[in-house]
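In what follows, a single structure is set out as structure tokens and then discussed.
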Number of protein chains: 2
Amino acid sequence: MSVTIKDIAKLAGVSHTTVSRALNDSPLINQETKEKIRLLAAELNYTPNYNAKSLVLDRSYNLGLFFSTLHTGTSAGFLYEAIKGVNDVIQDRYNLIVRGIDDYTSFHKVNRKSYDGIIVMSQSATDQSFIEYAAELEIPLVVLNRQIENVQVMNMVPDDKRGAYLIVEYLITQGHRQIAIIEGKQNFKSTQARREGYQEAMEAYQVPLSVDYQQQGNYDLESGHMAMTQLLQLENRPTAVFCCNDDMALGAIKAITEKQLSVPGDISVVGFDDHIFSGFMTPALTTVRRPIEQISREGAAKLLSFIESKQVEKETIFFHTELVIRESVTNISGGIQ
Amino acid sequence: MSVTIKDIAKLAGVSHTTVSRALNDSPLINQETKEKIRLLAAELNYTPNYNAKSLVLDRSYNLGLFFSTLHTGTSAGFLYEAIKGVNDVIQDRYNLIVRGIDDYTSFHKVNRKSYDGIIVMSQSATDQSFIEYAAELEIPLVVLNRQIENVQVMNMVPDDKRGAYLIVEYLITQGHRQIAIIEGKQNFKSTQARREGYQEAMEAYQVPLSVDYQQQGNYDLESGHMAMTQLLQLENRPTAVFCCNDDMALGAIKAITEKQLSVPGDISVVGFDDHIFSGFMTPALTTVRRPIEQISREGAAKLLSFIESKQVEKETIFFHTELVIRESVTNISGGIQ
DNA sequence: CATATAGCTGCACACGTTAACAACGAGCAA
DNA sequence: TTGCTCGTTGTTAACGTGTGCAGCTATATG
């Protein structure tokens, strides 16, 4: 069917070995024959069979980009930035295979022969077994976004806790003391980190915590809406709400305006992530920027270097989160800026 | 290094052929030996080398999901829904390789040996050469989202034109006659289809078209903001704006509120796509639902059936777009509902 | 002149798997 | 007994590529 190096060899009157070497630019081959063969290959529209190459070279040319899940809890923006970042780096040197870890019933198909390297975009501790599996098989590995415990890997994560601290601190400096939190999905590590940032900021400024002000969400729009509806029924309504991501903030704002209240006039709302649309909402959302695309890009670059040098490093690198001040918070401190 | 069928054969005291047959559940093999070998394979943690399998079976187990671009013009929601839809269908029978077509300088690496099938999520005519290439190589192929001309393929597309017609018709029935359009990215086919739907509705109801009301955008937030800013400077401001996607609608609303005007009080705004966040904006956006996830799912299913039956169909299937009425349009017809 | 050397090419095998075909023993019929 | 069939297993080649080693020729070296 398709043309192989043997076909080229026959036509060029040489052995297939010579063709192989010519196409791989081996220094052993005479310059003239090399060019002749390459010309011929181009004419015949030859494309190497990567399955055969993979077999003998023991390289698959595949990189895996694994998400905790592709069903719920992974926002579109997150997926987008991650794929974009990785894709930019690997160019067309590798195939990028995208999967949700929870789609696997067994990890059988994930192994050294099938993947030259793996990027785990981890959002939840449910990945732990997968990460341990990959680490044990000694597949070059980079784990992004979630900080990993108990297993030594290359780990690149945004400093969620600090970001949460910064934005809650900001609310406090704007005079707020009744600050509620709408939390993310239960077993996501990010949920915990952001909650801790919230708590630490509150404690640092000696603002009392209240259980009434602590609402559970799951990172999606509806859950933000529901949680905010709960908060609005409190006798002692909060003056500001820290939503653990922008999607929930959007849902919360919806709930507030439905009650004929205004943001930030009556209640201030802040988010986390800095989604693409957050600057365009009304009011524009004050939030925390989390550099997912940058992390993806640098993670992919690290992985490539591991594969090429056949050496891996194992450390945890934090990436700065950054306060993005827009319009969804009002100053209620009475004149003091 | 890793365990092969030959290793198993040696331990079981049989030939590697027998092992291969046992693991592939061949009827030729005695039930007892079959079970013995399988047990042994499980104990040894055997995983087949898919590169070798691929070579001899001439199947790569790879499916390609190709987007026009991953850089600009592809919204996060679109990417998300497409990947989710396809992923759900293929389970772990195939690897899903995600790429932007514009990342390729040459299509060399895309061929029958490397891909069992290809899904093109086409947004722009710039894909045309890629689609023709894939069709010529006779790789099982499904082209989604954009209607293709000049080349016979399986083509599944949302009925954009009808969707645009419906929403503009809706604006007209709500009493609007000064209706502007903010168009999408220049060479995207969807841009053209939506513009046509707009024009046909206007003509059907004998509403005059004005060049002033025709603005160029490129499907992103900023372009919607800019285009709307232009429209607001017109002496004879439109009373309603049809934005060719929800992102631009969001940008447009931003521009309107910045001028201290309200939506829909002063100007009605509608979008297209029904993004996840559109129902949660303030005001909730009236828009057109485009069933991308459904198309992806059915497209993937079709592709799998092509691969398995080794027979391809070639037709164009339209998927219903659907008007989603929310709160961003006001009735100005003076009492007549 | 013989011999070493550099430059280039081919032979033969390997990678791990599947599959066509041959082969073997048991059971059965003639 | 012979011959045939059935059920099971092994032999061998094939898929398309890369590579260690041997071998060839022409040139340089002593």
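Proteins get letters first, then strands, A, B, ... in listed order; numbering begins at 1 in each.
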Worksheet item: Are side-chain heavy atoms of A:Thr18 and A:Ile37 found at a separation under 4.5 Å?
Response: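 Contact flag for A:Thr18/A:Ile37 side chains = yes.
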
Classify the nucleic acid contact of [X] as base, sugar-phosphate or nothing, counting any heavy atom under 4.0 Å across all strands shown.
X: A:Asp58; answer: nothing
X: B:Leu55; answer: base
X: B:Asn51; answer: nothing
X: A:Leu57; answer: sugar-phosphate
X: B:Thr17; answer: base

Practice prompt. Quick one: which residue pairs count as a side chain to side chain donor-acceptor pair (under 3.5 Å) with a foot in residues 49-60 of chain A, not counting sequence neighbours?
Written response: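 Of all non-adjacent pairs touching residues 49-60 of chain A, those that pass side chain to side chain donor-acceptor pair (under 3.5 Å) are A:Asp58-A:Lys113, A:Arg59-A:Tyr94, A:Ser60-A:Asp116.
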
Worksheet item: Any Lys/Arg nitrogen of B:Glu32 or B:Lys36 sitting under 4.0 Å from an Asp/Glu carboxylate oxygen of the other?
Response: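 Salt bridge absent between B:Glu32 and B:Lys36.
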
Worksheet entry | Ion pair check, B:Asp92 and A:Lys109, cut-off under 4.0 Å |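 Here B:Asp92 does not pair with A:Lys109 in a salt bridge, since their nearest N and O are not under 4.0 Å apart.
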
For nucleotides 22-25 of chain D, tabulate all protein N/O to nucleotide N/O atom pairs closer than 3.5 Å, reporting atom names and distance.
none

Worksheet item: Do any of residues 30-48 of chain B sit with a heavy atom less than 4.0 Å from DNA chain D, and if so which?
Response: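 Only B:Asn30, B:Thr33 qualify.
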
Worksheet item: Of the nucleotides D:dC15, D:dT19, D:dG10, which one has an atom closest to the side chain of A:Arg21?
Response: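 Output: D:dT19.
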
Do any side-chain atoms of residues 134-148 of chain B form donor-acceptor pairs under 3.5 angstrom with protein atoms, and if so which ones, sequence neighbours left out?
from, atom 1, to, atom 2, distance (Å)
B:Asn145, OD1, B:Arg290, NH1, 3.4
B:Asn145, ND2, B:Ser122, O, 3.1
B:Arg146, NE, B:Ser122, OG, 2.6
B:Arg146, NE, B:Ser124, O, 3.2
B:Arg146, NH2, B:Gln128, OE1, 3.0

Item to complete: Work out how much the helix from C:dC1-D:dG30 to C:dA30-D:dT1 bends between its end axes, five pairs an end, to the nearest 10 degrees.
Response: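 Inter-axis angle at the ends, rounded: 70°.
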
Fill in: Nucleotides bounding contact with chain A, strand DNA chain C, heavy-atom threshold 4.0 Å
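The contact span of chain A on DNA chain C goes from C:dC8 to C:dG16.
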
